[in-house]
Amino acid sequence: MGKDVIIALDFENREKTLSFLDRFTEEKPFVKIGMELYYAEGPAIVREIKARGHKIFLDLKLHDIPNTVKKSMAVLSGLDIDMCNLHAAGTKAMMEAALEGLTRPDGTRPMLIAVTQLTSTSQERMQEDLLIREPLDQVVMHYAKCAADAGLDGVVCSPLEAGKVHETCGSSFVTVTPGVRFAGGDVGDQVRITTPEKAKEIGSDYIVVGRPITASEDPVAAYRRCVAEFVG
Ligand code: C5P
């Protein structure tokens with residue numbers, strides 16, 4: 001699995017997104033389109049960014065009954081994206097249905113990865129609100145194992161969990177990790193963070209980087225620094 005840096009395009013509209021991407025004249029970074037931009041601009045923004053030559057991770061985190069997820073995944077697959085995701089909490093049946101829906105008539109499909117427990121969910125909230133009694137790290141590993149059993153390609157997880165996910169689910173099971181900051185950089189609202197260099201050491205396959213690149217005065221230089229540290 002080729003390591004890569006994915007830029008989180010957390011912008012509110014097409015204009016801001018494209019003017020950001022226009023700054024990249026030499027490289028075509030792998031980008032992540034999340035709910036905010038997708039709900040604002042719809043599938044047209046996905047097609048437009050794809051036509052510019054970028055690989056796309058469509059981060060919509062589907063979670064519904066298997067039949068609905070299957071049909072929705074078929075629609076997303078038709079957008080020619082490279083990676084998308086769902087909540088492992090939807091069960092193995094939902095994940096298997098998603099894979100079926102995602103598979104194109106020619107047998108190809110985007111990578112499918114699962115969200116385990118959101119990093120915004122604490123041990124306490126998981127126990128009190130979700131009535132899940134096991135320790136959070138065990139729950140994350142169990143969800144990752146379910147995703148692997150269902151045939152998914154990997155999970156979104158904290159870089160600090162990437163090594164354990166590989167131990168549990170195998171080295172080819174992909175880890176996509178947000179929460180990356182440069183040494184000495186602004187942490188913002190992220191709590192469990194690591195540097196691109198450390199993420200590489202722990203074994204992340206893809207790092208998702210937003211503000212350290214998008215809010216930088218020189219996003220291209222920040223992106224190149226990430227690639228140099230993470231991919232080498
Ligand atoms: O700006 P920053 O680098 O914190 O952006 C990280 C990106 O990864 C955001 O799009 C955020 O929604 C996403 N993400 C995350 N933590 C997760 C899952 C997704 O930060 N557990």
Side-chain angles (χ1 to χ4, degrees), residues 4-13 16-17 20-21 29-41 45-46 49 54-63 81-90 111-123 125-126 130 136-137 139-141 143-144 147 152-162 164-165 174-200 202 204-219 221-227 229-230:
D4 210 347
V5 173
I6 303 177
I7 304 180
L9 296 178
D10 293 326
F11 298 107
E12 68 219 44
N13 58 36
K16 286 186 181 167
T17 306
F20 170 79
L21 289 177
F30 199 142
V31 296
K32 177 173 92 68
I33 296 176
M35 292 184 205
E36 182 187 14
L37 184 58
Y38 189 78
Y39 291 150
E41 302 289 350
I45 191 70
V46 177
I49 293 174
H54 296 272
K55 282 190 170 178
I56 296 177
F57 167 22
L58 191 55
D59 179 18
L60 298 181
K61 301 184 179 71
L62 276 68
H63 189 174
I81 53 171
D82 299 278
M83 184 188 286
C84 60
N85 61 357
L86 46 62
H87 275 281
M111 287 176 68
L112 182 61
I113 58 173
V115 175
T116 55
Q117 284 291 340
L118 290 169
T119 47
S120 51
T121 305
S122 65
Q123 171 93 25
R125 293 295 20 114
M126 189 183 70
L130 309 182
L136 184 58
D137 57 339
V139 175
V140 167
M141 289 312 144
Y143 281 26
L152 267 68
D153 303 296
V155 286
V156 185
C157 63
S158 149
L160 307 173
E161 291 161 357
K164 188 99 189 286
V165 168
V174 168
T175 52
V176 179
T177 62
V180 174
R181 293 294 180 266
F182 291 122
D186 186 5
V187 168
D189 55 359
Q190 294 282 15
V191 182
R192 304 181 64 207
I193 54 160
T194 196
T195 62
E197 226 169 357
K198 187 80 186 156
K200 176 183 182 180
I202 302 170
S204 294
D205 297 293
Y206 294 90
I207 51 173
V208 177
V209 187
R211 289 160 290 179
I213 296 175
T214 56
S216 163
E217 274 178 25
D218 187 344
Y223 171 72
R224 287 182 181 155
R225 180 178 169 190
C226 265
V227 173
E229 287 188 20
F230 181 64

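Counting convention: from 1, in listed order, for ligands and their atoms alike. Count residues from 1 along the sequence.
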>> Pair Val208, Val180 - check side-chain contact (heavy atoms from CB on, under 4.5 Å), show working.
In response: CA-CA 7 Å; Val208 177; Val180 174; over 6 Å; no

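Listed by atom number, the atoms of ligand 1 under 4.0 Å from Asp10 heavy atoms are 9 (C), 10 (O). Interface of Pro212 with ligand 1, defined as ligand atoms under 4.0 Å from a residue heavy atom, comprises 3 (O). Atoms of ligand 1 found under 4.0 Å from any heavy atom of Arg211 (numbered from 1 in listed order, with element): 1 (O), 2 (P), 3 (O), 4 (O). In the vicinity of Thr119, heavy-atom distances shorter than 4.0 Å reach the ligand 1 atoms 16 (N), 17 (C), 21 (N). Remark: ligand 1 atoms within the under-4.0 Å shell around heavy atoms of Gly210 are 1 (O), 2 (P), 3 (O), 5 (O). Residue contact check: Arg181 has heavy atoms under 4.0 Å from atoms 1 (O), 2 (P), 3 (O), 4 (O) of ligand 1.
The nearest pair of heavy atoms linking Ala183 to Thr195 is N-CG2, 3.7 Å. Of all heavy-atom pairs spanning Pro29 and His54, the tightest one is O-ND1, 2.7 Å. Contact between Pro178 and Cys157 at its shortest, heavy atoms only, is CD-O, 3.4 Å.
Neither the backbone nor the side chain of Ser120 comes within 4.0 Å of ligand 1, counting heavy atoms alone.
Residue, atom and distance of the protein heavy atom nearest to atom 8 (O) of ligand 1 are Pro178 CB, 3.5 Å. For atom 20 (O) of ligand 1, the nearest non-hydrogen atom of the protein is Gln190 NE2, 2.8 Å.
Heavy atoms of Gly179 stay at 4.0 angstrom or farther from ligand 1. The closest approach between a heavy atom of Leu118 and any atom of ligand 1 is not below 4.0 Å.
In terms of modelled atom types and a separation under 3.5 Å, the side chain of His87 and the main chain of His63 share no donor-acceptor contact. Using a distance-only test at 3.5 Å, with no hydrogens or angles considered, a donor-acceptor pair links the side chain of Asn85 to the main chain of Leu60.
Atom CG of Leu136 sits about 8.0 Å away from atom OG1 of Thr116, to the nearest 0.5 Å.
Here's the thing with Lys32: one of its N/O atoms is less than 3.5 angstrom from an N/O atom of ligand 1. Considering both main-chain and side-chain atoms, Ala8 never comes within under 3.5 Å of ligand 1 through any nitrogen or oxygen pair.
If you look at Phe20 and Phe11, their ring centroids are closer than 6.0 Å.
A 6.0 Å sphere centred on NZ of Lys55 holds no more than 12 heavy atoms belonging to other residues, nucleotides or ligands.
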